[in-house]
Amino acid sequence: MRRFLFRSDRLGALDRRFVRRTSIALGAGAALCGVAALLAAREGEGLQSSPPAMQSVSSDPLVAEMRRCQLLGEPGAHDAGCLAAWAENRRRFLSLDRRPLAPNRAAASAMAGER
């Protein structure tokens, strides 16, 4: 009978130890999640202001219109000015009259030397 009581006391101590360790681990995990959320919120505050590259004034009116459309967000997909700007941007990008860049002679001679 004495052995039985000893085992039950031992199991009770293990249960209390398990509960204590589990609660400490959960508390530490919750604290880490809170710190991560706080840091993410602080980084998000800095992202809300536009970066310096976006604040510079461009000489190309298409770039200015594209930036305006970017700031509009979802309504920009239905804005007539934005649709026209995106069409012009596609036309410029996919234009057939674009000339390729001049070949880099230094890179070409280096590749020829490797052969």
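As the structure is a prediction and not an experimental result, all values here were calculated from the model.
- Residue Leu83 is grouped with residue Met66 when hydrophobic side chains (ILVMFWY) are merged at heavy-atom distances under 4.5 angstrom, including chains of intermediate members.
- The line from CZ of Arg67 to CG of Leu62 is 10.5 Å long, rounded to the nearest 0.5 Å.
- Within the model, atoms CG of Leu38 and CD of Glu43 stand 10.5 Å from one another, a figure rounded to the nearest 0.5 Å.
- Here the closest non-hydrogen pair linking His78 and Glu74 is CD2-O, 4.0 Å.
- Taking both residues in full, the closest heavy atoms of Cys82 and Gly76 are given as CB-O, 3.2 Å, listed atom of the first, atom of the second, then distance.
- Note: Asp79 CG to Glu65 CD = 7.0 Å, rounded to the nearest 0.5 Å.
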